[in-house]
Amino acid sequence: MSYQLLSEPIRKFIRNKRWENLRPIQAAAISRIIETDNNYVLASRTSSGKTEAAFLPILSKVDFNRPGVQILYISPLIALINDQFFRIEELCENLEISVTKWHGEAKKSLKNQLLKNPNGVLLITPESIEAMFVNAPYNVSSLLGNLHYIVIDEIHSFLGVDRGLQLMSLLSRIQRLNKERIITIGLSATIGDENYYSAKLLIGDVDRTKILIDRTKKDTEVSFKYFKSESVELPLSLLKELYKETSVSKALIFPNSRGRVEEIAVKLLKISSKVGGHRNYFAHHSSVDKEIRESIERFAKEKEHFNFCITCTSTLELGIDIGTIDKVVQVDSTHSVASLVQRVGRSGRREGEMSLLSLYATNEWSLLQSLACWKLYQEDFLEPIKIIQRPYDILFHQMLSIVKQLSGCSKKELNDHLRSNPTFEHISSEDIDDLINQSIKSDYLESFERELIIGVTGEFIVNSREFYSVFSTELNFKVTHSGKVIGNIPYSPQVKKDENILLAASIWKIKDVDIKGAKIIVVPAKDGKKPKFFGRTGSIHKRVRAEMLRILMNSEGYEYLNVESHDEIDKLRADFNGFNIKDFEYDRPVIEKEGKLEVYTFTGSEINNTIVFLFKCFNCELHIDDSKSLIEVPETLDRFGEVLAQVIKLTQDEIHDYIIDELKANEGLIGFYKWGKYLPLEYQAYLLREKMFDFEGVFDLLTKINLCENEI
DNA sequence: GACCTGCTGCGGGCTG
């Protein structure tokens, strides 16, 4: 049925491929895309044929005799563009149209060829679109001024993040160059029913965007294993089991850090060479050289008859093609259910095959969290995507980009331009005018004969290579003490003179930071002050923590837990047995001993961090162990209650003032958001409040919390 | 106790 709707060259392609039938998402997408001009989000699991679901009908429908590029394909990764290039070129083989790659590593000559004769399909990254607007605005209109379709791949990777807001703004700017409405198709992993609204927002037209979901999941066989870790290194028993489990398959192992990746890859190879196993053990993460990473991906994809084991970070979470994987192992819990979904999806890619998943844990809290994530995965829960109503930082970035693009415009033109962009629809015209005026004061913009142009300071920003992206990258700094190297740490806003850092199990005070040489000089810290909590730790959603509490408070058994894992869960259950928890939402265990308190909040990381911040405003320093969702209070229960009573009475204005104080005291704080530092303080405070904290969550919990002491 | 993502234009030197 759907097949009949396709054009003859595309039908020929399908016949040549000898496809017996179309996948469900393909059949559904073909009729809708051909028969309507709605935008669509096509959501289904990895390797279900989404690319073809979008391109078969689009290629059937588009008139490639029109001037200009007709289909713009946008991808979050260069590697994905390179993969998709071959697939799309193959789809186009009976069509005689050109497919062009356009990203930082693509050939300049091919880009120039397209500029001379804009046509066909263009594959690009958001950053390259940004660069085009800034550096060659004339080219943008001739290339992208007559588009028929935009396809956004892995659209879920843009949701809830700054890069997605940048893309949303760029989509609106591209539409402005076109007379006719562009139809947009987003390709997505399953992201949870409430989150599809975010995808509609990103596409920019909520009413005309429809969602097509293929909910079929692969059957997954799961097993939990427990290996108590007493030191910083992984226990030998874990490694031996890991070896046994992966030595005769194509396996992916996901520990949660680069250091762990290296440790596992090296040690498994060592075991394998001792017992005469294969030598195909690889480590894949962002610090591994790009060419090495590509050769690993090629090995996995092309060497069909070899077994291998790739230990990796989230670099292999997205849809890069690495062929068939038999088994996925997660070492210690993922930080989110969404991440677990992506990783499970990597396994059992052959039609009708089971996914095999092993979840290892090295401590009891990680085991509990892992179990909670698995239960929520089964219930189809996925973390909700956070929507920032007023992204002032992205507005500032886009404001400079637009002024450069237009090479000058009036204040009113700029305001209208930004106001008509749905990315900024909740930011008032007054706020935009204020930001324009403040930017003139700071020399980011210049007002010249009623025309706005980029100011002297602004030129440095716009002409920098760093301008095109909205995220900052970590730069590793070498940490040394009297000539001796202690280690490498990523550069963060907190790396500055007199700050304390933790490294190699010691506390150090920073004496000097050499930005150019990427070096940090430290001395041992005498005051023993711990580093501030503001850092980037994994952020666990409150629903995961609630599930952890629920598991602890019931006595159900799980057949997929091995004996050691089940014993460990039962031990934890025994520890919490004495607390009379009835209401899982607001009853929380508390332990009082020697004038100190331990409160198990069983809530999200963001809420925990916000509680610590609010109590600090009343000179009550809390210490937090987020992996256990445990807050340690150096006070008695009575005193804690007094401060808590004050905290929940705080007004919005008072909180605002406290955030301003914090921003003044800790200038590096706003540096977590690349474009935030160019904003006036009031706007920075708004961003911090929305992005780093969850005051609503705190007030909900603290106004109703019922602290339960152990009754045994 | 984190992880990941991208990048212009120009000039100089070298190769075929």
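Convention: sequence-line order gives letters A, B, ...; per-chain numbering from 1.
Sorted by first and then second residue, the pairs that involve residues 224-233 of chain A and meet salt bridge (charged side-chain N to carboxylate O under 4.0 Å, His left out), not counting sequence neighbours, are K225(A)-E241(A), K225(A)-E245(A), K228(A)-E364(A), E233(A)-K267(A).
Note on T125(A): every side-chain N or O is 4.0 Å or more away from OP1 and OP2 of dG6(B). Within the structure, a side-chain polar atom (N or O) of T313(A) is placed less than 4.0 Å from OP1 or OP2 of dC4(B).
As judged by a 4.0 angstrom heavy-atom cut-off over every strand, E317(A) is placed among residues making no nucleic acid contact. Counting any heavy atom pair closer than 4.0 Å across all strands shown, S257(A) reaches sugar-phosphate atoms only and no base atom. Note on R293(A): only backbone sugar-phosphate atoms sit closer than 4.0 angstrom, heavy atoms only; bases stay farther off.
A straight line from CZ of F672(A) to C1' of dA2(B) spans 13 Å, rounded to a whole angstrom. In this structure, L316(A) places its CG atom 12 Å from C1' of dC3(B), rounding to the nearest Å. In this structure, E606(A) places its CD atom 17 Å from P of dA2(B), rounding to the nearest Å. For the pair R260(A) CZ and dC3(B) P, the interatomic distance rounds to 12 Å; values are reported in whole Å. Whole-Å rounding puts the K107(A) NZ to dC7(B) C1' distance at 19 Å. Whole-Å rounding puts the L159(A) CG to dC4(B) C1' distance at 16 Å. The nearest whole Å value for the distance from the OH atom in Y673(A) to the P atom in dT5(B) is 20 Å. We find that CD of Q330(A) is positioned 13 Å from C1' of dG1(B), with the value rounded to whole Å.
Ring geometry, Y444(A) versus F396(A): the interplanar angle exceeds 60°, so the pair is classed perpendicular (tilted spans 30 to 60°).
Between I322(A) and L252(A) there is a side-chain heavy-atom pair separated by less than 4.5 Å.
Among the nucleotides dG6(B), dG1(B), dC3(B), the one closest to the side chain of S469(A) is dG6(B).
Within residues 76-86 of chain A, the residues that place at least one heavy atom under 4.0 Å from DNA chain B are, in residue-number order, P76(A), L77(A), I78(A).
Nucleotides of DNA chain B nearest to D625(A) and K290(A) differ in position, and the one nearer the 5' end is that of D625(A).
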Report, one pair per line, the protein and nucleotides 8-15 of chain B atoms (nitrogen or oxygen only) whose separation is under 3.5 Å.
| residue | atom | partner | partner atom | Å |
| --- | --- | --- | --- | --- |
| dT8(B) | O4' | N135(A) | ND2 | 3.4 |
| dT8(B) | O4' | Y468(A) | OH | 3.1 |
| dT8(B) | O3' | N135(A) | ND2 | 3.1 |
| dT8(B) | O4 | R465(A) | NE | 2.8 |

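Few gaps surround CD on E632(A); more than 12 heavy atoms of other groups in view lie less than 6.0 Å from it. Applying the 6.0 Å contact sphere to NZ of K327(A) captures more than 12 heavy atoms from other residues, nucleotides or ligands.
The ring of F308(A) has its center no closer than 6.0 angstrom to the ring center of F282(A).
With D393(A) as the partner, the side-chain hydrogen bond (donor to acceptor under 3.5 Å, both in side chains) test is satisfied by one option alone out of Q398(A), K691(A), K677(A), K674(A): K691(A). Of the candidates F467(A), F471(A), Y468(A), F467(A) is the only one forming a ring pair (Phe, Tyr, Trp, His ring centres under 6.0 Å) with H397(A).
A salt bridge does not link E263(A) to R258(A): none of the charged nitrogens lies less than 4.0 Å from a carboxylate oxygen.
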Under the criterion salt bridge (Lys or Arg N to Asp or Glu O under 4.0 Å), I'd like the reasoning laid out for K542(A) against E547(A): C-alpha separation, chi angles, the key distance, then a yes or no.
CA-CA 9 Å; K542(A) 62 181 179 184; E547(A) 184 63 19; over 6 Å; no
